[in-house]
A.B. asks: 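Provided herewith is a single structure, encoded as structure tokens, for subsequent inquiry.
Naming convention: chains lettered A, B, ... in sequence-line order (proteins, then strands); numbering from 1 in each chain. Note that the structure is a prediction, hence the values are computed from the model and not measured.
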Amino acid sequence: MNLEETLKQATVQIFKEEFDADITTDAVTINITKKEHEGDFTIVAFPLAKFAKMLPEQTAQKLGEAMQAKTGIVDRFNVIKGFLNLSLTDTYWLNRLKEISKNNSYGTFSPNSQKVALEYCGPNTNKPLHIGHVRNMLLGFSMSEILKATGYNVTKMNIYNDRGVAICQSMVAYLRYANGATPKSSGIKGDHFVGDWYVKFNTVCMEEITTLSNAPADKDEAKKLTPIYKDAQALLLKWEAGDKETIELWKKMNEWVYEGFQETYKLLGVDFQKDYYESETYKLGKNIVDEGLQKKTFYKRADGAVAVDLTPDGLDEKVLLRADGTSIYITQDIATAQLRYDEFEMNKLIYVVANEQDYHFKVLKLVLQKLGRKWAEGIYHLSYALVESPTGRFKSREGKTADADDLISEVLRIAEEKTKELGKIEGFTEEEATKLYKTIGLGALKYFILRVNPYKKIIFNPEESIDFHGHTGPFVQYTYARIRAVIRKAGEQTNGFEIPSGLNLAAVEREIIIQLSEYENVVKTAADKYDPSELANYVYTLAKTYNKFYHEHPILNAESESEKKFRIALSNETSVIIKKAMKLLGIDVPEKM
RNA sequence: GACCCGGUAGCUCAGCUGGAUAGAGCAACAGUUUUCUAAACUGUCGGUCACUGGUUCGAAUCCAGUCCGGGUCACCA
């Protein structure tokens, strides 16, 4: 049981004994005491006053006295207005630190025998990944780490939108102009190579519009009349008919794209255990539609299309099968969800998908529930907002700034530049230095994105580079590296990190222990809220507090041997938690920087 | 038109299951290194928490309405 819970229960107990009042732990509000007041935890007495039949201030006073007398862990307290500020004993905190440092799996919960299917990334195969995918992947990967830490068995999944008119457009341009070039022959990364042909398609399309005799004013309408556009449509039909040559080219070009994606995944450190392809699922869903018709959950409209009425749930009528009998996006997704359940029997099915699709996932979950799928209760759409430039939404046409690979190499370049400037790589081999740039550069990028609450949009200004100072990934990494340096030195002087008793803790020291003590709650909260930013903000606060301590208190030259041992242990444990928290964010920490 | 999400310091963000004088970072300015890594630390400056009303002992937080920004309401994905 965690400390807050203990204090709450103590309060309930005391209310029973002292005031003969039955209250529940829910009625007790407990916070970490604000910095400007003395104390570790604060119990808010206002809502309790009526149960005690006293004024809030008197209630707080009485409660404080009883807490001090009965719990054995409250050293002293003060009351300001209706706030009861409790200070726990140094002994309590020292024991807490001992407990945490003894427990190697602190912050990791035991397996709960629940399975999670986590879908993220979901790229189209006609162009390279962009900054939006980066946010998606970082969120997805971090969430999987967090859920694993909270005891879930997680399977990461990707789904490739590998068919349709877009990829055919790349193919048409390739056929017309490439002369058999390949990524290898041209020295271009596969996904960019294919993306370039997609761009070429659009360029040619625009050119051809000017040659049309009577082009409509509407650009999109005009596009459809161009020869190249018609070629792409024709190619799609050939693809659907299973034309051998078309399929071969399609496979070849997709393969190039996958090779390119793999590189990016590897660089970012994300992975998947299971891949799905739209080309294999796009016809699925007929069975589900039949089932829905049978159950009268769905109905056939006069025009032949099958639909479901969601107006009672505040949504609209939703078509699930075209009049010509072909399946649509939502139907494929419903079928794919079923497919996943059949294979994994997961308790949770999480989709990391941009908030443009909020409506889609509401429908998805609702329809499955209407079909009586109990497991649909476990569907969660981890919706995130777009990454935007200061002038608005990133358009792929706006050029390189939104491209994932460019973004990554830019941040690696900056990491290298700054590291060299600071002269931090003395004694590093070339290989070690490169690894360090990667650790820091990616740390900066990942932290920059993950520290923002998913549902809030991120404003990213490509003109200003990502920061390495202040509230950033490198700040946390630096704190870690500094601790490690101390520990390395201490290693020669002490055996183990034993924690002496009977010390007087400085304010910063107990603040650090309190924060370390909160870590397991933060992991739980991040999992419950599906929000890695909880952890990102936590680890920053911890690092910041530690830096203050580091500056104010000598560790290896502490006043006494027991002080020294304690501070080494405190530092070590802080580094352990920083590393764990960063790992849940998918961020590495360097031993030296 | 209906619905969903945002609006907190010049900028980027915390705080939002109601609690004390609204917090960080960046930027600006002033300091800190004979001591464990200065990618650090300390201080100054900076706020009608979009607006109006309501509920409450207490509202950035909850409710209603308004304004601004974005998104969705496809037999596209």
Side-chain angles (χ1 to χ4, degrees), chain A residues 26 29 31 33-37 42 44-47 49-50 56 80-83 85 122 124 161 163-166 278 282 301 303-307 314-333 354-360 362-363 383 385-386 388 390 392-393 415 418-419 421-422 424 440 444 448 451-453 455-461 464 467-479 481-490 533-534 536-537 540-541 543-544 547-558 567-568 571 592-593:
Chain A
D26 297 340
T29 309
N31 307 317
T33 305
K34 299 197 125 197
K35 276 206 198 89
E36 59 268 31
H37 297 103
T42 297
V44 184
F46 293 96
K50 62 175 177 238
I80 301 171
K81 290 190 265 179
F83 299 95
N85 301 317
N124 294 332
N161 302 303
R163 63 164 288 281
V165 74
E278 198 212 342
Y282 84 110
R301 297 195 318 199
D303 64 5
V306 176
L315 306 177
D316 300 294
E317 178 187 63
K318 184 76 191 173
V319 171
L320 298 166
L321 200 64
R322 294 190 183 95
D324 66 7
T326 56
S327 154
I328 61 171
Y329 176 49
I330 185 78
T331 320
Q332 293 165 35
D333 260 10
N355 64 4
E356 302 165 306
Q357 297 198 35
D358 287 355
Y359 182 81
H360 173 77
K362 258 186 209 165
V363 172
S383 169
L386 299 171
E388 294 181 11
R393 195 168 173 167
K418 298 208 174 192
T419 306
E421 258 173 39
L422 291 167
K424 293 280 189 178
I440 297 174
F448 175 78
R451 83 174 171 104
V452 181
N453 202 314
Y455 64 77
K456 293 212 181 180
K457 68 182 174 201
I458 290 179
I459 309 288
F460 171 62
N461 188 348
E464 303 165 16
D467 225 310
F468 285 64
H469 299 272
H471 191 173
T472 66
F475 173 92
V476 179
Q477 292 172 321
Y478 176 71
T479 308
R482 238 174 22 171
I483 296 175
R484 295 305 301 161
V486 173
I487 300 297
R488 276 194 300 274
K489 284 192 181 163
S533 75
E534 290 279 340
N537 286 304
Y540 168 71
T541 308
K544 194 173 153 53
N547 281 335
K548 186 182 161 75
F549 159 77
Y550 181 92
H551 184 260
E552 287 176 2
H553 301 279
I555 300 164
L556 300 177
N557 298 318
R567 286 180 186 160
I568 291 171
S571 300
K592 294 180 191 170
M593 72 181 268

A.B. asks: Under 4.0 Å between any heavy atoms, over every strand shown, what does A/Arg301 touch: base, sugar-phosphate, or nothing? Just pick one.
C.D. replies: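 Contact class for A/Arg301: base.
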
A.B. asks: Using a heavy-atom cut-off of under 4.0 Å over every strand shown, decide if A/Ile440 touches base, sugar-phosphate, or nothing.
C.D. replies: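 If one applies the 4.0 Å heavy-atom cut-off, A/Ile440 turns out to touch a base.
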
A.B. asks: For the side chain of A/Asp467 and the base of B/A39, is some donor closer than 3.5 Å to an acceptor across the two?
C.D. replies: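 Checked by distance alone, the answer is no.
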
A.B. asks: What contact category does A/Lys457 fall into here, base, sugar-phosphate, or nothing, at under 4.0 angstrom with non-hydrogen atoms?
C.D. replies: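 The residue A/Lys457 makes sugar-phosphate contact but no base contact.
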
A.B. asks: For B/A22, what is the paired nucleotide under Watson-Crick or G-U wobble rules, both distances under 3.5 Å?
C.D. replies: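 Partner of B/A22: none found under 3.5 Å.
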
A.B. asks: Looking for any heavy atom pair under 4.0 Å, which part of the strands does A/Tyr359 touch: base, sugar-phosphate only, or nothing?
C.D. replies: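 The residue A/Tyr359 makes sugar-phosphate contact but no base contact.
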
A.B. asks: Looking at B/G25, I'd like to know if its phosphate oxygens (OP1 or OP2) sit under 4.0 Å from a side-chain N or O belonging to A/Arg451.
C.D. replies: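 Result: no.
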
A.B. asks: OP1 or OP2 of B/G7 versus the side-chain N and O atoms of A/Lys456: is any pair under 4.0 Å?
C.D. replies: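 Checking B/G7 against A/Lys456, a side-chain N or O does come within under 4.0 Å of OP1 or OP2.
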
A.B. asks: How many whole angstroms separate atom CD1 of A/Ile487 from atom C1' of B/C36?
C.D. replies: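 Interatomic distance, CD1 of A/Ile487 to C1' of B/C36: 10 Å.
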
A.B. asks: Looking at B/C75, B/A20, B/C36, which one has an atom nearest to any side-chain atom of A/Arg322?
C.D. replies: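 Nearest to the side-chain atoms of A/Arg322, counting from C-beta on, is B/C75.
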
A.B. asks: Using a strict cut-off of less than 4.0 Å between a Lys/Arg side-chain nitrogen and an Asp/Glu carboxylate oxygen, indicate whether A/Arg322 and A/Asp324 qualify as a salt bridge.
C.D. replies: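 Judged by the 4.0 Å cut-off on N to carboxylate O distance, A/Arg322 and A/Asp324 do not form a salt bridge.
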
A.B. asks: Counting Watson-Crick and G-U wobble pairs only, both distances under 3.5 Å, name the nucleotide matched with B/A60, or none.
C.D. replies: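 Checking every strand shown, B/A60 finds no partner, since no pair has both distances under 3.5 Å.
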
A.B. asks: Base, sugar-phosphate, or nothing for A/Glu278, non-hydrogen atoms under 4.0 angstrom?
C.D. replies: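 Sugar-phosphate only.
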
A.B. asks: The side chain of A/Asp358 is closest to which nucleotide in this list: B/C4, B/G6, B/A14?
C.D. replies: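 Nearest to the side chain of A/Asp358 among the choices is B/C4.
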
A.B. asks: Which part of the nucleic acid, if any, lies within reach of A/Ile459 when heavy atoms closer than 4.0 Å are counted: base, sugar-phosphate only, or nothing?
C.D. replies: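 Answer is sugar-phosphate: A/Ile459 comes under 4.0 Å of backbone atoms only.
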
A.B. asks: Less than 6.0 angstrom from the centroid, inside 45 degrees of the normal: does A/Arg482 satisfy that with respect to the ring of A/Tyr550?
C.D. replies: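 Geometry flag: set, cation within 6.0 Å and 45°.
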
A.B. asks: Within the 4.5 Å heavy-atom criterion, are A/Tyr478 and A/Lys424 side-chain neighbours or not?
C.D. replies: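 Yes, side chains in contact.
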
A.B. asks: Does A/Thr42 contact B/A20 through a side-chain donor or acceptor facing the base, at a distance under 3.5 Å?
C.D. replies: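 Per atom types, the contact qualifies.
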
A.B. asks: Pick base, sugar-phosphate or nothing for A/Ala307, based on heavy-atom distances below 4.0 Å to the nucleic acid.
C.D. replies: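 Here A/Ala307 touches no strand at all.
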
A.B. asks: Looking at A/Arg482, I'd like to know whether one of its side-chain N or O atoms comes within less than 4.0 Å of OP1 or OP2 on B/A38.
C.D. replies: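 So the side chain of A/Arg482 is within the cut-off, an N or O lying under 4.0 Å from OP1 or OP2 of B/A38.
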
A.B. asks: Tell me what A/Thr541 touches on the nucleic acid: a base, only sugar-phosphate, or nothing, going by heavy atoms under 4.0 Å.
C.D. replies: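 Contact class for A/Thr541: none.
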
A.B. asks: Is A/His360 touching bases, backbone alone, or none of the nucleic acid, heavy atoms closer than 4.0 Å?
C.D. replies: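 Counting heavy atoms under 4.0 Å across all strands, no contact is made by A/His360.
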
A.B. asks: What's A/Phe475 touching, base or sugar-phosphate or nothing? Going by heavy atoms closer than 4.0 Å.
C.D. replies: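 Touches sugar-phosphate only.
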
A.B. asks: Can you tell me, in whole Å, how much space there is between the C1' of B/A40 and that of B/A50?
C.D. replies: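 Taking atom C1' in both B/A40 and B/A50, they lie 37 Å apart.
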
A.B. asks: With both distances under 3.5 angstrom, what nucleotide forms a Watson-Crick or G-U wobble pair with B/A2?
C.D. replies: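 Looking at the geometry, B/A2 pairs with B/U72.
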
A.B. asks: A/Asp26 near the nucleic acid: base, sugar-phosphate alone, or nothing, with a heavy-atom cut-off under 4.0 Å?
C.D. replies: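 Here A/Asp26 touches no strand at all.
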
A.B. asks: Using a distance-only test with no angle check, is there a side-chain donor-acceptor pair under 3.5 angstrom linking A/Ser383 and A/Asp358?
C.D. replies: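 A donor-acceptor contact under 3.5 Å links the two side chains.
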
A.B. asks: Would you call the rings of A/His360 and A/Tyr329 parallel, tilted or perpendicular if under 30° counts as parallel and over 60° as perpendicular?
C.D. replies: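 Correct class here is parallel.
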
A.B. asks: Given B/C75, B/A77, B/U37, which nucleotide is nearest the side-chain atoms of A/Asn124?
C.D. replies: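 For the A/Asn124 side chain, the nearest candidate turns out to be B/A77.
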
A.B. asks: Of the non-hydrogen atoms in A/Leu321 and A/Thr331, which two are nearest, and what is the gap between them?
C.D. replies: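 Between these two residues, the closest heavy atoms are N-OG1, 4.4 Å.
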
A.B. asks: When the ring centroid of A/Phe460 is compared with that of A/Phe448, is the distance short of 6.0 Å?
C.D. replies: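 Here the rings of A/Phe448 and A/Phe460 have centres that are less than 6.0 Å from each other.
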
A.B. asks: In whole Å, what is the span from the NE2 atom of A/His553 to the C1' atom of B/U35?
C.D. replies: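 After rounding, the gap between these two atoms is 15 Å.
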
A.B. asks: Of all the choices, B/A39, B/A77, B/A20, which nucleotide is nearest to the side chain of A/Gln332 once you look at every atom?
C.D. replies: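 Closest nucleotide to the A/Gln332 side chain: B/A77.
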
A.B. asks: Under a 3.5 Å cut-off for both distances, is B/G31 Watson-Crick or wobble paired, and to whom?
C.D. replies: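 Paired with B/C41.
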
A.B. asks: Heavy atoms only, 4.0 Å cut-off, all strands: where does A/Phe46 land among base, sugar-phosphate and nothing?
C.D. replies: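 Counting heavy atoms under 4.0 Å across all strands, the contact made by A/Phe46 includes a base.
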
A.B. asks: Remember a base hit wins even if backbone is also touched, and classify A/Pro47 as base, sugar-phosphate or nothing at under 4.0 Å, heavy atoms.
C.D. replies: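 Base, at least one base heavy atom under 4.0 Å.
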
A.B. asks: With a 4.0 Å cut-off on heavy atoms, is A/Phe448 in touch with a base, just the backbone sugar-phosphate, or nothing at all?
C.D. replies: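 Result for A/Phe448 = nothing.
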
A.B. asks: Can you find a donor-acceptor N/O pair under 3.5 angstrom joining the side chain of A/Thr419 to the base of B/A39?
C.D. replies: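 In this structure, the two groups form a donor-acceptor pair.
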
A.B. asks: Tell whether A/Lys548 reaches the base of B/U42 with its side chain through a donor-acceptor pair below 3.5 angstrom.
C.D. replies: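 Side chain to base: no pair below 3.5 Å.
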
